[in-house]
Amino acid sequence: MSAPVVLVLNAGSSSVKFAAYEAGGGDLGPARWRGQVEGIPDDPTLTLSEGDRRVVDGEKLNSAGVSDHAGALRVSLERLFGLFGRDPLLAAGHRVVHGGAEFGAPALVDDATFARLEALIPLAPLHQPHNLAGMRAVAEVAPGLPQVASFDTSFHRTIPAVAHTIALPRELREKGLRRYGFHGISYSFIASQLPKRLPEAERGRVVVAHLGNGASLCAMRDGRSVETTMSFSALDGLLMGTRCGALDPGVLLYLMRERGDGVESLEDLLYRRCGLLGLSGVSADMRKVLASEEPDARLAAEQFVYRIVREVGALASVLGGLDALVFTAGIGERSAEIRERVCEGLAWLGVSLDREANARSDERISAAGGRVAAFVIPTDEEGVIARDAATLVAQRLEPAA
Ligand code: ADP
């Protein structure tokens with residue numbers, strides 16, 4: 001095989017996802033290899049596919065001595081390189097959760113950039129270190145390979161000051177305390193699809209609902225972010241798998257004062273024990289929540305939908321109306337039931353669902369004649385990262401005249 005390969009790493013708090021694309025001239029096309037290690041650190045488990053074929057299926061990595069992200073990354077890269085050899089690598093692209101106020105576009109990672117990304121760790125302490133560990137792991141196994149960072153925050157750089165400023169005293173705002181927004185890699189993919197998939201009249205004022213384990217909404221005007229529900233951190237906004245979304249800070253003050261909770265226990269509570277999991281007492285997985293008859297599970301699903309409906313209303317008023325609603329990510333792409341319940345709650349706004357199209361997860365799921373069009377568009381975060389990396393490396397090789 002001779003086509004150079006672009007590697008993509010997406011290191012999350014308990015998982016590492018990776019993909020590899022062949023860059024044989026022109027567009028990259030779909031990923032040729034995909035895989036992930038889940039369950040880090042307790043039970044790291046590797047799966048790896050080549051096209052549609054499973055090459056590694058649920059291999060337990062404890063026996064290979066893996067107990068952290070660095071180990072999971074090392075084994076993943078070894079297995080992946082075993083499939084395509086080391087020589088033809090063109091670049092590695094990384095999902096980096098935080099680009100701060102500084103990085104508004106993907107960046108080639110040299111020592112200086114790496115140091116600037118390290119300085120942003122306090123803004124995303126649970127995610128940024130893993131993203132950077134991915135860069136270190138690649139540098140170890142493929143020294144000298146160009147590495148590119150794509151940021152979850154960059155797409156939201158167009159949000160105006162009135163929306164991104166937090167009403168804190170200046171000295172705190174100057175420390176970087178502002179609303180950043182996340183899921184930007186996914187939103188930039190969806191924005192790139194709007195001109196291809198939506199008629200012009202339907203893509204001016206759009207709300208995109210990225211509903212996965214993490215969930216947020218983005219209001220786009222002409223394909224640019226003007227508002228989003230996540231904020232300074234990925235805790236704000238909607239109800240999520242294990243995060244409760246927007247929360248009165250008074251709750252935290254109460255827990256600190258009355259129970260003596262410290263940073264670590266609050267962090268664990270807010271990131272891992274709330275949301276669908278905490279409320280339902282059943283699972284963080286929407287499929288299990290929807291299948292459960294437990295009253296708390298019903299309430300969890302109901303509140304998941306309620307919060308989306310409430311926030312879409314707010315974003316529609318920011319946009320001065322709504323032309324289209326787009327669903328994406330795990331729940332948005334696969335749960336016809338959640339889409340139906342959200343659209344029912346937004347009937348007042350002019351969303352009218354075509355139930356059969358929704359049940360089939362067609363691209364267009366709204367009934368003809370409704371004021372607001374509704375779509376399902378599968379997101380492709382790894383594809384965006386791979387293209388960012390290939391583009392930046394090509395620019396480096398052929399600097400503009
Ligand atoms: P991540 O945010 O980790 O990238 P995904 O976007 O893959 O996650 O979304 C994962 C979530 O999607 C799962 O936790 C599960 O709740 C949900 N999900 C996947 N398939 C379905 C389905 N058919 N119905 C409802 N929820 C689903």
Side-chain angles (χ1 to χ4, degrees), residues 8-19 31 34-40 45 47 49 69 72 94-97 124 126-127 130-131 134 150 152 181-190 208-218 228-230 233-245 271-292 297-298 300-305 307-308 326-343 358-362 365 376-385:
V8 171
L9 282 186
N10 175 357
S13 51
S14 66
S15 69
V16 175
K17 294 181 187 164
F18 49 90
R34 269 186 194 279
Q36 58 184 357
V37 179
E38 289 176 297
I40 308 168
T45 308
T47 50
S49 302
H69 277 75
H94 298 265
R95 176 192 201 156
V96 176
V97 74
L126 299 189
H127 294 93
H130 300 312
N131 305 153
S150 297
D152 260 321
F182 298 89
H183 290 141
I185 297 170
S186 173
Y187 290 131
S188 80
F189 175 76
I190 301 295
V208 181
H210 176 109
L211 309 177
N213 272 318
S216 69
L217 304 176
C218 177
T228 188
T229 56
M230 278 182 173
S233 75
L235 289 173
D236 206 0
L238 303 179
L239 183 74
M240 310 179 214
T242 58
R243 291 167 253 171
C244 70
Y271 279 95
R272 301 191 188 95
R273 295 197 286 123
C274 293
L276 291 177
L277 176 67
L279 184 46
S280 71
V282 170
S283 173
D285 189 320
M286 182 56 90
R287 286 165 289 199
K288 294 188 179 142
V289 172
L290 287 174
S292 169
R298 287 167 180 264
E302 193 183 341
Q303 191 179 106
F304 185 83
V305 170
R307 297 279 291 274
I308 295 168
V326 177
F327 292 94
T328 194
I331 300 171
E333 291 166 26
R334 293 188 204 104
S335 179
E337 178 176 347
I338 293 294
R339 291 194 303 260
E340 180 170 334
R341 290 167 68 171
V342 168
C343 290
N358 183 48
R360 290 191 301 264
S361 294
D362 283 359
I365 56 170
V376 179
I377 301 181
T379 194
D380 183 12
E381 291 164 293
E382 283 81 19
V384 171
I385 298 167

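Remember, it's a predicted structure, so these values are computed and weren't measured experimentally. Note that ligands are numbered from 1 as they come in the structure, with each ligand's atoms numbered from 1 the same way. Worth knowing before you read on, the calculation uses all heavy atoms, side chains too, and leaves out hydrogens, waters and symmetry mates.
Counting only residues at least two apart or in different chains, salt bridge (Lys or Arg N to Asp or Glu O under 4.0 Å) contacts with residues 276-286 comprise Asp285-Arg287.
Side-chain contact between Met240 and Leu276: absent, with no pair of heavy atoms (C-beta onward) separated by less than 4.5 Å.
Protein neighbours of ligand 1 below 4.0 Å, counting non-hydrogen atoms: Lys17, Gly212, Asn213, Gly214, Asp285, Met286, Arg287, Ala329, Gly330, Ile331, Arg334, Ser335.
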Exercise for review: Decide yes or no on side-chain contact (heavy atoms from CB on, under 4.5 Å) for Val342 and Phe327, but give the supporting numbers first.
Suggested key: CA-CA 10 Å; Val342 168; Phe327 292 94; 3.9 Å; yes

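For Phe182, the ring pair (Phe, Tyr, Trp, His ring centres under 6.0 Å) partners at least two apart in sequence or on another chain are His98.
For Lys17 and Glu382, the salt-bridge test fails: no basic side-chain N is under 4.0 Å from an acidic carboxylate O.
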Less than 3.5 Å apart, which donor and acceptor atoms pair up between the side chains of residues 209-216 and the rest of the protein, not counting sequence neighbours?
residue, atom, partner, partner atom, Å
His210, ND1, Ser186, OG, 2.9
Ser216, OG, His183, ND1, 2.8
Ser216, OG, Tyr187, OH, 2.6

